[in-house]
Amino acid sequence: MSLLRSSSELMAKHMSSYPPKRYNLSWNLADCSFDDVNLLATLTCGQTFRWRRQADGAWLGSIGIQAAVLWQPEDCRDHFFWQTFPVENDWAIIRDYFNLGINLRALQRGWHDAEQLTADVFIQHVGLRLLQQPLEECLYSFQCASCNTVTKIERSVEELARLYGSPIETPWGRVSLFPATSSIATASEEVLRKALWGYRAPRLIALAKLMQEKGDAWLQGLVGMPYADAHRNLTDLPGIGPKLADCVCLFCLRKWEAIPVDTHVLQLAQRLWPTQNEYRSLTPRVYLQIADSYRHRYGVYAGWAQQILFYSELHRTRPGWIPCQPAI
DNA sequence: GCTTAACCTGGACGC
DNA sequence: GCGTCCAGGTTAAGC
């Protein structure tokens with residue numbers, strides 16, 4: 001259970017680690033004493049691409065039609081500070097975005113008991129939470145992930161927002177909201193190709209045009225569907241395969257059993273559980289077997305566990321890797 | 001049902 | 001400085 005607090009008493013409690021001052025900005029405090037939140041791990045684990053850490057440690061980004069700034073003291077996992085723009089103090093958007101109703105500590109105790117091999121990973125990356133992202137942003141952003149690197153995905157998505165998104169002013173500077181479907185549908189393929197989207201540019205525009213035809217209700221309808229139905233509807237879209245469909249299911253549709261199987265997740269499963277077959281390539285059958293191996297071990301919230309393991313694997317295979325470079 | 005090639009491009013790496 | 005390889009996938013053709 002996480003609580004919104006803004007009382008002077010709580011502020012005073014945390015004065016030793018008070019966030020940076022900016023003009024007349026008034027911070028709010030999210031006190032999560034009963035659970036864990038790790039902003040660094042949560043915002044850089046590969047589930048979202050547009051949060052940037054500023055020189056003073058504040059995270060600047062957007063959630064839907066709001067810009068937001070977040071700040072958390074070093075090595076602190078029980079509270080963070082936040083503010084939203086242009087509508088200030090929008091607690092609901094922060095609470096929902098971080099899924100603060102999910103008791104992560106309880107989940108981690110369950111995973112610890114279920115699979116001793118990975119118990120240390122969950123302790124090491126405590127507080128990595130899955131986000132509930134806006135549907136359109138998640139759907140279009142992950143179209144860029146095909147045969148790409150995390151660094152380039154971040155730059156590509158940022159360019160898309162800068163070119164076609166609405167700007168919001170904050171004390172840290174301008175933040176571009178993620179573009180609406182209508183803006184992407186009418187975007188220039190040539191411009192997008194130069195904005196690092198390459199051969200993915202026509203796919204992105206085609207998908208946006210199709211989503212315009214289907215209407216907002218179609219996408220929102222996925223929220224109420226069971227995981228299998230939502231996944232099947234998504235893979236029927238052009239340019240959306242099983243992996244991207246699972247990303248959308250997990251990162252914005254709250255289908256916690258979804259397991260996006262990529263090369264890292266495949267290698268991790270083969271290393272952790274060597275009894276698994278030595279797969280040569282990620283065929284649909286192998287994809288399902290690997291995903292089921294995670295679901296079998298970690299249960300209905302397997303997607304949360306998988307993302308923490310994925311984050312750990314990124315750090316293991318890329319020592320010194322620093323995602324989300326600070327803005328200059 | 002599996003394998004393979006094509007699709008872009010920037011960064012890492014070896015020389 | 002230059003060449004080569006690789007990266008969070010999807011799709012279609014060939015077997």
Side-chain angles (χ1 to χ4, degrees), chain A residues 41-51 125 128 130-131 133 137-160 187-208 210-211 231-252 258-271 277-291 294 302-325:
Chain A
T42 298
L43 300 178
T44 65
C45 71
Q47 61 178 322
T48 180
F49 303 109
R50 295 194 54 234
W51 288 94
H125 300 295
L128 192 165
L130 285 193
L131 301 170
Q133 301 178 53
E137 178 167 351
C138 191
L139 181 66
Y140 298 130
S141 294
F142 274 96
Q143 265 225 324
C144 189
S146 168
C147 216
N148 216 340
T149 61
V150 173
T151 306
K152 265 187 66 186
I153 298 168
E154 288 172 357
R155 291 179 58 189
S156 304
V157 176
E158 188 59 39
E159 272 298 283
L160 176 68
S188 159
E189 180 181 326
E190 187 182 355
V191 170
L192 281 180
R193 279 182 179 272
K194 288 177 181 171
L196 297 179
W197 280 78
Y199 66 93
R200 306 167 192 91
R203 292 182 185 177
L204 177 73
I205 295 170
L207 179 62
L210 180 62
M211 297 315 297
H231 191 268
R232 188 171 56 252
N233 273 275
L234 285 164
T235 51
D236 283 344
L237 297 172
I240 304 293
K243 195 266 182 175
L244 266 57
D246 271 323
C247 287
V248 176
C249 282
L250 186 61
F251 300 143
C252 47
I259 307 289
V261 181
D262 55 32
T263 52
H264 295 289
V265 175
L266 173 66
Q267 289 166 15
L268 182 65
Q270 290 181 321
R271 200 179 76 249
N277 298 326
E278 192 65 35
Y279 300 115
R280 290 182 61 191
S281 60
L282 200 54
T283 63
R285 186 174 57 85
V286 172
Y287 187 99
L288 190 60
Q289 286 178 353
I290 294 294
Y294 281 86
W304 284 66
Q306 173 273 150
Q307 193 61 28
I308 297 168
L309 294 170
F310 171 81
Y311 182 64
S312 169
E313 185 71 358
L314 274 186
H315 279 275
R316 191 190 69 81
T317 56
R318 304 175 193 179
W321 176 62
I322 306 173
C324 294
Q325 297 294 329

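Side chains included, hydrogens not; waters and symmetry mates left out as well; all remaining heavy atoms used. It should be emphasised that the depicted structure is a prediction, and the values quoted were computed from it without experimental measurement.
With rounding to whole Å, A:Asn148 atom CG is found 10 Å from C:dG9 atom C1'. For the pair A:Leu266 CG and C:dA7 P, the computed distance is 12 Å after rounding to whole Å. Taking atom CD1 on A:Ile259 and atom P on C:dG8, their separation rounds to 18 Å, with Å as the unit. B:dT9 atom C1' lies 16 Å from atom CD of A:Glu154, rounded to whole Å. Atom-to-atom, CD1 of A:Ile153 to P of C:dC6 comes out at 18 Å; the value is rounded to the nearest Å. Taking atom NE2 of A:His231 as the reference point, atom P of C:dT10 lies 9 Å away to the nearest angstrom. Remark: C1' of C:dG8 and CD1 of A:Ile290 are 15 Å apart, rounded to the nearest angstrom. Regarding A:Gln289, its CD atom lies at a distance of 12 Å from the P atom of B:dG1, rounded to whole Å.
Residue A:Pro260 is out of contact with every strand shown, counting any heavy-atom pair closer than 4.0 Å. If you check every strand for non-hydrogen atoms under 4.0 Å, A:Arg193 touches sugar and phosphate atoms only.
Across all their heavy atoms, A:Gly239 and A:Gln143 have their closest contact at O-NE2, 3.6 Å.
For the residue pair A:Tyr287 and A:Asp246, a side-chain donor N or O sits within less than 3.5 Å of a side-chain acceptor on the partner.
Put simply, OG1 on A:Thr48 and CG on A:Leu130 are 12.0 Å apart, with the number rounded to the nearest 0.5 Å.
Going from the P atom of B:dA6 to that of C:dC5 covers 15 Å, rounded to whole Å. Comparing the P positions of B:dC13 and C:dG8 gives an interatomic distance of 14 Å, to the nearest angstrom. One P atom belongs to B:dC8, the other to C:dG3, and the distance between them is 22 Å to the nearest Å.
Ion pair A:Glu154/A:Arg50 not flagged as a salt bridge, since none of the NZ, NE, NH1 or NH2 atoms sits closer than 4.0 Å to an Asp/Glu carboxylate oxygen.
Listed pair A:Thr283 / B:dC2 meets the phosphate criterion, a side-chain N or O lying under 4.0 Å from OP1 or OP2. Of the side-chain N and O atoms in A:Arg285, one or more sit less than 4.0 angstrom from OP1 or OP2 of B:dC2.
For A:Arg155, the listed nucleotide lying nearest its side chain is B:dG11; candidates were B:dG11, C:dG8, B:dC7. When distances are taken from the side chain of A:Leu244 to each of C:dT10, B:dG10, C:dG8, the shortest belongs to C:dT10. The A:Lys152 side chain lies nearest to B:dC8 when the options are C:dG8, B:dC8, B:dC2.
Each of A:Gln267 and A:Leu237 was assigned the nucleotide of DNA chain C with the nearest heavy atom; the assignment lying further toward the 5' end belongs to A:Gln267.
With a 3.5 Å ceiling on both atom-pair distances, the Watson-Crick or G-U wobble partner of B:dC2 is C:dG14. Base pairing annotation: B:dA12 forms a Watson-Crick or G-U wobble pair with C:dT4, both donor-acceptor distances under 3.5 Å.
The base of C:dG8 sits within donor-acceptor range of the side chain of A:Lys243, with an N or O pair under 3.5 Å.
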